[in-house]
Amino acid sequence: MRTVSRRQALRLAAFSGALGYLGQMGFSQAQAQKLLKIIAWGGTYGDAMRSSWMEPFAAAAGIRSEIQLQSSSMETLASLRANRNRNDADLWLSAIAPTSLAQSDGLLSPIPVDQLKNASQLPAAVVNDTYVGIWSLPYGIIYNAKTVPFEITKWEDLTDSRLKGMVTAPYGANYNGMFIALLALLAGGDETNVDPGFALAKKMKPNFSIFTTSDSEQIRLLTSGEVDVVAFAPVANYFAARKAGSQFRFVCPKPFIPVSISNVAILKGANVEAATRFIDFAISKEPQQKIAQMLGCLPINTMSEVSPTMREAVPASTEFRFLQEGVMASQLSGWNDRWQREIQR
Amino acid sequence: MIARLVPYFLVAPALLLIAVLLTGLSSVLGWSFQSSAGDGAAGLVQYANLATNESYRHFFTYSLWLAAISTFVALLLGFPVAYYMEINASPSQRKWIFAGLLAMFLSDYVLKMFGLILILGRSGLVNRLAMWLGVTDAPFKLMYNEFGVLVGLVSGILPYMILSLNGVIARLDKRLHEAASVLGAPPWRIFLLITLPLCVPGILAGTMLSFLLSLNSFVTPMLLGGGRVDMIAVLIFDQAINLANLPLGSAAAGVLFLISGAVILLLNGLGDRYQKRFQR
Amino acid sequence: MTPSLSFKKRGITLSGLSVELQGKRILDDVDLEIFPGEIIALLGPSGCGKTTMLRAIAGLQRPSAGEIVVGGQAMTDVAPYRRNVGMVFQSYALFPHMTVAENIVFGLKMHGVAPAERAVVLDAALTMLELSALRDAYPARLSGGQQQRVAIARSIATQPSVLLLDEPLSALDKKLKDDMRSELRTLLKKVGMTAIIVTHDQEEALAIADRVAVMNEGRIVQIGTGGDLYHNPNCRFVADFVGYMNYFEGSIRSGSDQRLELDIGDARLLKARSSAETPATGHVTVAIRPEAITPMPKSAPVDQDEFNIVPACLISEEFLGIVTYLRFQDGKGRDLLVIRSGQSRASPLRVGEHYDLAWPIDVTTLMPAEPQAA
Ligand SMILES: Nc1ncnc2c1ncn2[C@@H]1O[C@H](COP(=O)(O)OP(=O)(O)OP(=O)(O)O)[C@@H](O)[C@H]1O
Ligand SMILES: [Mg+2]
């Protein structure tokens, strides 16, 4: 989950109506000019998208595109719900949970999968008519090797009493509930039965000192020495922390690590033809290689090469586990409440 | 003719702003009567959800509690400062205190909170000092918990409290204290029977302002709470943004709005009744 | 008056009392003896230290030197709330958040008087100052006179040994002021309280007080009864402050047993009675009250042994009702004021004519000559 400024949140909540109306007026224009509007994150994500995908795509296909900023995909889901039938964007970069929720709310257009020439190079699980995967992010533990008295190798180590008060964990169901689902799987439950996961979390509870709401907060707390262990972090955060010092280690703990799939979906009322061509370009070998390198994540295209720095952090031998994010999506609210009540307080 | 219209021109921008804010607010409130998926009217379902779910109720009771505590602490800390500033301080001291208050006002709120982290964090100033002095082996946990949020809230509202009190204290008639003293009242009774009652309007104003600011605060629990301090604005944000449940977030915002309104009415009413008794 | 409002009479002695504020001497070595039950008026120009003196006696102002003794008890180091001194402030300083009744019993509460007794004193005070109807009113709703009576009631409720009143009547209009003035004296005398009343107004001072102390620049210049100050001022300041005065500067020419001859220039001699205080030789100021002078026609016979005579020309005449002001100028250009009763049936005077101004030798006051001006 990305940082969200309060102002943006308020603006969305308060003026969603007005924005939606303005958006409608721009709709027909977008179609005519073949300007693709993509709802996506800004910052490094936006920069990487522009140079890896949007500019080369414009050069190759003659279709220009622009980014409509979102702070988080959940926030966009809220705004799409609020402005049902009044959005003017074509593509939405998101995670599986919000996409699944949007799909069941009827906010999406089906993707014509048969028109994606490069789809065969992707794992079959990440291509369907709701979404197409665009990159994947492995999650593990980051810790400060100078202050943590032992080498962390497995998720179970988070229950070690030597880590008392040293660990930051996700706030509520942040990271789309992946940490909660992971704990459930580790403790013998699954995405539909998280009770064992909460039992495991309670064992870690004395070690949890702070619950973080964003990547940037995680990085800041770790590098400022406020915490020594980040219990659940995308590998990209490790690359960021690494810039502050070499004492930080990334572990892909045993027995497996979860991988979140970022995906793209086509919104209701979009220019489906142009949008499909964009997706096909984005998942092709070269653009995938480039964007994965820039973002510090894994390319979704199996033909793309993985950068050496990524290989060092996430060895080829690592066992991945794709979580059933679609199944998790509808339970996030309940997990969030329960996590706050039982683990955070 | 034009001269008659001037006042309308002058208030127009403010009215426009208020209208825009009210529109936004009403649209938020409108959402609170929707179902969670945003696909239809659902009456008071969201409000019922807030009222019945212990997890949500906790955000409200806990926020009210924190707001009350922080306001009380700000009053305790602010009163002596305001009193000293108005009564005892030399003109140059007064200027310095005022400059300090102004700095507290002008500096960015988020920046101020980060400043607190630098002071109270695990490797912050206080802990480094305490460990250097040998007071403790392990750092104190002064931040990312209830205490940290209280410190943040108090430091956020303190300047408002002090400036609210300044006015009434400056208007205190020194001769009333002297009259009481001549009539046999020792200093502590003068404070209780003369100073304090005459400061009630300022205390109420400062309390109202501080309480509402604390109750509505978002940045402080977000940055200093370590995810453990459940305040209403965090709930609203979490529901509306993180969980895409705008209706529930809106309902929470609506309840917060009602509570704030009730606090304003209550304290204003108290102040009015108190003052009407002895003012012309 | 109920028995609980019985006042113990106590005198006040100030000795060598000085107050310094920000390096400035506000009170300068003041000695003052006030007898038990006596009413003293402090009279003096604005800023001469009257309020400061009261504040020092009440304990609100720390003296830089000197002693304050009340009823034989040294008060200098006693905190104000232990002195049991009543004070009526210049603008009353009533507690705005308390009713009339609450204001009046405030001091009793502070002294730990039981509620039952407080009620008795309250009723007595309300009755005495005719405030019964206002007992539950807040001060902001009261008129100036009512506020003043509340302030007085509040200050006497605790049976203070000493009552200090700082310009208590200054906020009132002329009519009310005149009424309150005599009421106040009656009240103070009835209760038998030792009181110091500050005023700007000489008439008020003379009407209320047993003795008047005239202050100037932090010092008491003269203290005495109204008559003393009026007829025997010891300096021009006092003379000017209490009524009008005509002056001649002169030097003593010759003195015998009871008589002095004074040279005032213009080859003119004035006669005056000598007393213990008058200097035997040197420069003096001769002072005559304007109402002591009678203008006589040039030809009228005057007893030169009993009267002083100065010829002068009538410059102007102002009829003011009760009195008429006659302004004369003598041969050396000295202005002389004569005040005649408005009722006087004496023959009318003409402006421009010359008259002989005559006054009895007995009312010719001598005081030490002052360095020019004043
Ligand atoms: N706190 C103070 N600091 C410095 N000087 C002061 C202070 N209070 C009074 N003074 C000075 O002391 C002098 C006497 O003041 P005081 O109030 O006793 O005069 P007053 O005789 O009561 O005058 P008024 O008739 O105008 O009330 C004045 O010159 C005044 O300026
Ligand atoms: Mg005065």
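When each of Ala169(A), Ser209(A), Ala97(A), Gly172(A) is scored by its heavy-atom pairs under 4.5 Å with chain B, the top score falls to Ser209(A). Heavy-atom pairs under 4.5 Å with chain B peak, among Arg345(A), Arg341(A), Arg338(A), Gln340(A), at Arg345(A). Put simply, of Ala138(B), Gly121(B), Gly225(B), Gly226(B), the one with the most heavy-atom pairs under 4.5 Å next to chain A is Gly226(B).
Around atom CG of Asp108(B), more than 12 heavy atoms belonging to other residues, nucleotides or ligands sit under 6.0 Å away. Heavy atoms from other residues, nucleotides or ligands lying under 6.0 Å from OH of Tyr47(B) number more than 12.
Contacts between Leu101(A) and chain B at a heavy-atom distance below 4.5 Å are absent for every atom of the residue. For a residue to count as touching a neighbouring chain, one of its non-hydrogen atoms must lie under 4.5 Å from one of that chain's; by this rule Val234(B) touches chain A with the side chain only. Contact of Asp337(A) with chain B is made through backbone and side chain together, with heavy-atom distances under 4.5 Å. For chain B, the nearby part of Arg220(A) is the side chain; its heavy atoms alone come within less than 4.5 Å. The contact between Gln239(B) and chain A is made entirely by side chain atoms (from C-beta outward), counting heavy-atom distances below 4.5 Å. For Tyr56(B), the part lying near chain A is the side chain, with the backbone staying farther off; criterion is any non-hydrogen pair under 4.5 Å. Contacts of Thr212(A) with chain B are absent, with no heavy-atom separation under 4.5 Å from either backbone or side chain. For a residue to count as touching a neighbouring chain, one of its non-hydrogen atoms must lie under 4.5 Å from one of that chain's; by this rule Asn145(B) does not touch chain A.
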Q) Would Tyr139(A) and Ser260(A) satisfy side-chain contact (heavy atoms from CB on, under 4.5 Å), going step by step from the backbone distance to the final call? A) CA-CA 8 Å; Tyr139(A) 286 76; Ser260(A) 80; 3.4 Å; yes
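Between the side chain of Gln218(A) and the backbone N or O of Phe232(A), at least one donor-acceptor pair lies under 3.5 Å. A donor-acceptor distance shorter than 3.5 angstrom exists from the side chain of Lys112(B) to the backbone of Met104(B), with no hydrogens or angles considered.
The aromatic rings of Tyr62(B) and His58(B) lie parallel to each other, their planes meeting at an angle below 30°, with 60° marking the opposite boundary.
In this structure, Arg162(A) and Pro149(A) approach most closely via the heavy-atom pair CB-CG, 4.1 Å.
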